[in-house]
Amino acid sequence: MIKDELKTVIQEKTACVGVIGLGYVGLPLIVEFGLKGFRGIGFEVDTKKVDDVNSGRSYIVDVPDENLKKCVDGGLLTATTDFSQLTECDVIIICVPTPLRKTKDPDMSYIIAAGEEIQKYMRRGQLMILESTTYPGTTDEVLQPMFEENGLKLDEDFLLAFSPERVDPGNPQYLTHNIPKVVGGVSKDSTEIAAMLYGEIVEQVHAVSSARVAEACKLWENTFRAINIGMANEMAKVCNALGIDSWEVVQAAATKPFGFMAFYPGPGIGGHCIPLDPHYLSWKARQHGFDSQFISLAEQVNSGMPAYVVKLVSTALNNEKKAVNGSKILILGVAYKKDIDDMRESPALSIIDLLRARGADVMYHDPFVAEVTFDHAYTIGEAEPLYNNELTDELISDSDCVVICTEHSNVDYNRVCQLAGLIVDTRNALSTDIRNGSKANIVRL
Ligand SMILES: NC(=O)c1ccc[n+]([C@@H]2O[C@H](COP(=O)([O-])OP(=O)(O)OC[C@H]3O[C@@H](n4cnc5c(N)ncnc54)[C@H](O)[C@@H]3O)[C@@H](O)[C@H]2O)c1
């Protein structure tokens, strides 16, 4: 039986693991398999990533070069653009992007493209796992029929499962091996073997009854975050209107040891997950006649935050008898979150765009991001790219306003507070001590 064959190669660690898409999710995953003694083949369309992997150069913050090199030098990891090597794999894991179309509908083209490559080269005896975040039903409605088109049958010839990725880039405490993994197969055998496989690389596997439960679980987690961040943003606006420090309020509330979980306000949500994933769920729900109101409301509040930050900047400048038009504004941190280089959906992009559209002279400093481009369809201000500036004393003191959009740890906020005249802190990056010792006018979200 195919189940027993796969069990044997996993137990003996002779299974070859193919990963399609070597990005923030796929690279840490394939390296983890390599570190545990499994041979891996990474399939990528980006030739630079293929070259980097094969040279042992990591481009993902959570994957140290040393670990990557260990796998490559030990003959346990190669990357390729040649999908015919999929035939060599006993397990194929799909980790490609799942963006949204302009209409905010799911863009399934990457999953379909990966599925088509598998379709061309699949053979009897393989386990396929989808890890890309997607709407419930993708694994059994989209992938299963594709894989059965060639005459191969589920359970007899191949197994198929979904397992959501929960990687948190830049979080050194939780890495692939110690984040519990949820696994749901489209058949019982698929669940059992996929759970067994992940048990080789993660400490805790939680098997569920179907791929749809696993798909919905991921969307539930990320929708929970989107809605709670939306609530924190709304509360920050309420506190602001009442003249109360929202950060002090939420920190006080967080001392409650039960029944409260702290979420913090910010300049908006970014990354490839929180701003996008809830739309996958609401899109699917709409097809079944259900309109998810919480998701829409959170989206409305969160996507309005960049404009709210621009309003704070504009009011703060106005109080100093200055206009946004012609002011020098320094953005500190442009990545969507602390201590990483990921710019996807970063709210800093909208803030910069809105400020430039109002005539501001915007510069930025971000130790992780060398260049920011504005070639997306929604740009309303200048489209010229911006480049990272060294955080010199002159840059800070010449700025009419410093806007902290991302609170990277390796920025000297004390120096910023000594040299700047006006600071808008959207992330609570400035501690009470730093604020108390500063002469700058500080506005907090
Ligand atoms: N980044 C995160 O923190 C995170 C966390 C959990 C889940 N996810 C989900 O995981 C999936 C992957 O996200 P990511 O952040 O790794 O994306 P990414 O953009 O960093 O990586 C995806 C990779 O897939 C490659 N690719 C695209 N099409 C391909 C194809 N047809 N064949 C081979 N390679 C292809 C791209 O070149 C890219 O390197 C998404 O569904 C995302 O929602 C991401």
Side-chain angles (χ1 to χ4, degrees), residues 18-32 40-53 57-63 78-86 89 92-100 106-121 128-136 138-139 142-143 146 162-171 174-176 179-182 202 214-215 217-226 269-281 335-346:
V19 172
I20 304 183
L22 298 178
Y24 287 95
V25 168
L27 188 65
L29 182 69
I30 199 164
V31 167
E32 204 62 44
I41 307 176
F43 298 87
E44 243 302 332
V45 287
D46 181 341
T47 50
K48 173 147 191 333
K49 284 184 180 159
V50 170
D51 290 345
D52 282 347
V53 170
R57 278 190 307 269
S58 174
Y59 44 85
I60 298 288
V61 96
D62 296 329
V63 178
T78 50
T80 181
T81 53
D82 173 12
F83 286 82
S84 70
Q85 292 181 34
L86 282 168
C89 304
I92 301 172
I93 307 179
I94 305 173
C95 303
V96 295
T98 41
L100 292 173
D107 177 355
M108 301 303 288
S109 60
Y110 296 88
I111 291 184
I112 305 275
E116 283 170 351
E117 293 296 346
I118 295 175
Q119 224 181 2
K120 270 190 241 165
Y121 300 109
M128 263 67 80
I129 304 173
L130 177 62
E131 285 215 7
S132 302
T133 307
T134 182
Y135 60 81
T138 308
T139 312
V142 179
L143 290 181
M146 285 178 83
F162 181 83
S163 179
E165 182 48 63
R166 288 166 159 169
V167 69
D168 186 15
N171 181 343
Y174 291 107
L175 297 164
T176 305
I179 301 175
K181 196 102 175 87
V182 171
V202 300
E215 288 161 335
C217 162
K218 174 70 185 175
L219 296 180
W220 187 310
E221 289 168 18
N222 282 358
T223 302
F224 168 82
R225 279 188 62 72
I269 48 175
H272 189 30
C273 294
I274 312 297
L276 276 54
D277 299 351
H279 290 283
Y280 273 73
L281 191 55
Y336 88 86
K337 75 171 184 178
K338 184 180 168 172
D339 297 342
I340 61 163
D341 60 358
D342 195 344
M343 284 302 297
R344 291 176 298 180
E345 312 288 326
S346 176

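Not measured: the values here are computed from a predicted model. First listed ligand is number 1; within each ligand, the first listed atom is number 1.
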- Query: In the protein, what heavy atom is nearest to atom 36 (C) of ligand 1, and what distance, to one decimal place, separates them?
  - Reply: Glu44 OE2, 3.4 Å
- Item | Ser163 versus Val182, closest heavy-atom pair with distance | OG-O, 2.7 Å
- Correct closest heavy-atom pair for Lys181 and Arg166 would be N-NH1, 4.4 Å
- Query: Considering only the protein, which heavy-atom contact is closest to atom 41 (O) of ligand 1, and what is its distance?
  - Reply: Thr98 OG1, 2.6 Å
- Closest by any non-hydrogen atom to atom 27 (C) of ligand 1: pick that one out of Gly42, Gly21, Pro97. Pro97
- Item | Nearest protein heavy atom with distance in Å, relative to atom 10 (O) of ligand 1 | Val25 CG2, 3.4 Å
- Message: Please work out, at 4.0 Å between heavy atoms, whether the side chain, the backbone, both, or neither of Tyr280 comes within that distance of ligand 1.
- Response: neither
- Note on the structure: The protein heavy atom nearest to atom 31 (N) of ligand 1 is Ala113 CB, 3.9 Å
- Task: Record the part of Lys49 in heavy-atom contact with ligand 1 below 4.0 Å; permitted values are side chain, backbone, both and neither.
- Result: side chain
- Determine whether any heavy atom of Arg344 lies closer than 4.0 Å to an atom of ligand 1. yes
- Nearest candidate to atom 13 (O) of ligand 1, where distance is taken over non-hydrogen atoms, out of Lys337, Glu221, His272: His272
- Task: Have a look at ligand 1 and work out which part of Ser132, if any, has a heavy atom under 4.0 Å from it: side chain, backbone, both or neither.
- Result: both
- Closest non-hydrogen protein atom to atom 6 (C) of ligand 1, residue and atom name please, with distance? Glu165 O, 3.1 Å
- Message: Does either side chain, that of Glu165 or that of Thr133, offer a donor lying less than 3.5 Å from an acceptor on the other one?
- Response: no
- Does Lys337 reach the main-chain N or O of Pro169 with its side chain, forming a donor-acceptor pair under 3.5 Å? yes
- Closest protein heavy atom to atom 5 (C) of ligand 1, given as residue, atom name and distance to 0.1 Å: Cys273 SG, 3.5 Å
Side-chain atoms of residues 23-30: list all donor-acceptor pairs with protein atoms under 3.5 Å, sequence neighbours left out, distances to 0.1 Å.
| unit_1 | atom_1 | unit_2 | atom_2 | d |
| --- | --- | --- | --- | --- |
| Tyr24 | OH | Asp341 | OD1 | 3.0 |

- Item | Protein contact to atom 21 (O) of ligand 1 [nearest heavy atom, distance to 0.1 Å] | Gly23 CA, 3.2 Å
- side-chain contact (heavy atoms from CB on, under 4.5 Å) partners of Cys273, counting only residues at least two apart: Asn222, Asp277
- Side-chain contact test, heavy atoms from C-beta onward, threshold under 4.5 Å: evaluate it for Phe43 versus Thr81 and give yes or no. no
